[in-house]
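Residues: numbered from 1 along the sequence shown. Just follow the structure's listing: the first ligand is 1, and inside any ligand the first atom is 1.
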Amino acid sequence: MTTPLLETDNVAYTYPDGTAALAGVSIRIAAGSKTALVGPNGAGKSTLLLMLNGMLRPASGEVRFSGRPIAYDRRSLRELRRQVGFVFQNPDVQIIAPTVEADVAFGPVNLGLSSDAVRRAVKGALGYVGLDGYERRPPHHLSGGEKKRVAIAGILAMDPAVLVFDEPTNTLDPASSEEVMELLDELASSGRTVLISTHDVELAYRWADSVVLMERGSILARGSPEEVFSDHDLLAAARLKPPALLDLYNELGLLGIVAPGTPPKCVLEFTDRIERAMHGRAPARCEPGAISVCDADRIDAAHIRALVEQGTVAHVGAMGTRAKEFAGREQIFLDYTYGVIDKCILKALIGENSLIITTGGMVEHARRRIGEYSTGSGRAIRVTTVQEPANDLAARE
Ligand code: ADP
C-alpha cells in the first residue's frame, strides 16, 4: 500500500476545560483524494482537522505528513502549514488585512518570497477564485461567499499540496455554497488533496470519493460514500439521515425495481439507471442534442450571444467562478450554475443543444465527462469546443 500523504495514528485530545474531543482516531488521506469527515456537531471533526497542520497537538498518538511524524518547532510548523493549508469555517477569523490584496499576500510575504513572486502568487490566487479586480477592496465589506473566496485565495497563494476546509459551506447561501464546492472540485482536479469536514450528508455524498464518519470523538465507519451512507444503523448512531438519492435508490433496489450495483451519485445517473431498468438498455428516443464547451478566457461574449440568439444552443450553463463572472459581466443569461455538465447531458438526451462556459482545464474535464457518459450509455452526444474567430462557429470535434 502506498504511503498516505497525511495520516493520524490513534490521536487523542482533551481541551483544557476537560472536554474529551478525540479518543484515539486514525485516518489515512491519500494524495489527490477528496475526503469528507462527516458527523454531527461536536463529533470532533474540527479538532481532528486542526491537528493536520499542527494547530493542535495530540495528547497522544501521532500525525504524519508524507510518512514522517510532524514536528512542532516553529520552523517545521511553518513548512508544514505551507504544504497543508487550512481554511476556517468563519472567514472573519482568517482575514486579517485591510485590503484583499494585502490579505492574500500575507502568506507569501511570510514565506519570504520576493516582491515579484508575491505579486504573481496574489494575482494567480485571486484569478483562480474569481476575484480579479478586488485587490483594493476592504475584505470586511464583501459578501459571505466573497470573503470565503478571499480566505481560500490566501491559502492558495502559498501553493499547498493539501487543502483542509472546516465546514466549507456553513453559513453560505445555496449559490455561494455551490461555487465553493465547484472551486474545491477544480482544486482536486488540478491534483491537490482536498479534505473537508461537514455535517451535510447530501454534500458529502455528491462530492467526496472517500468518507470518514465520526461521532463523539471516534470513527464509526470509513469507505466510499455509497457504502458508508447505505448503512442506516450507522447513520442513526451518528444522528444523521441518508442522502435522499441514495435512500430512494436503495429502496427501489429492495422493491426489485432497479438491479443492485453502484448507486447513482446524481440525478443524471439516477434517471439512467431507471431507464435501463425499465427498458433493459438506455432508450434511444431521439437523436441526442450537442453540447458546446467554451473557455471564458478565450472567447468573445458577442459570439456566445450570437449562438443563443440564433438558437444554436437552447441552454447555457457556467462552471466555475470565473465563468460565472464572465457571464454576469457580459449579461449572458445562465440556465445552469451548478451540476452543469449533468444538466446539459440530460438536455442532450431529449435532443436539445447546450453550451457550457468554463475556464482553463475545466474545458477538457467537461469534454472528458461527456465522452465518458457517451461511451458508458451508448448514446453518442456530440461535443464541440467553441473557438474564435468570433463570427463563425469554428469548432473542434
Ligand atoms: P465538530 O467539528 O465535529 O463539530 P469539534 O471538534 O468542534 O466537533 O468539537 C468536539 C468536542 O470538543 C465538542 O464536545 C466541543 O464542544 C468540544 N470543543 C471544541 N472546541 C473546544 C474548546 N475550544 N474548548 C473546549 N471544548 C471544545
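- Geometrically, K343 engages Y338 in a cation-pi contact defined by less than 6.0 Å to the ring centre and at most 45° from the axis.
- In this structure, ligand 1 sits under 4.0 Å from heavy atoms belonging to Y15, D17, T19, A21, P40, N41, G42, A43, G44, K45, S46, T47.
- Using a 4.0 Å cut-off between charged nitrogen and carboxylate oxygen, K324 and E182 count as a salt-bridge pair.
- Sorted by first and then second residue, the salt bridge (Lys or Arg N to Asp or Glu O under 4.0 Å) pairs with a member in residues 83-96 read D92-K147; sequence neighbours excluded.
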Margin query: Please determine whether side chain to side chain contact (heavy atoms under 4.5 Å, CB included) holds for the pair F165 and S197, giving the CA-CA distance in whole Å, both sets of side-chain angles, and the decisive distance to 0.1 Å.
Written below: CA-CA 7 Å; F165 293 83; S197 74; over 6 Å; no

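- Checked against E101 for a salt bridge (charged side-chain N to carboxylate O under 4.0 Å, His left out), the options R119, R137, R136 give a single hit: R136.
- A salt bridge does not link R322 with D132: every distance from a Lys NZ or Arg NE/NH1/NH2 to an Asp or Glu carboxylate oxygen is 4.0 Å or more.
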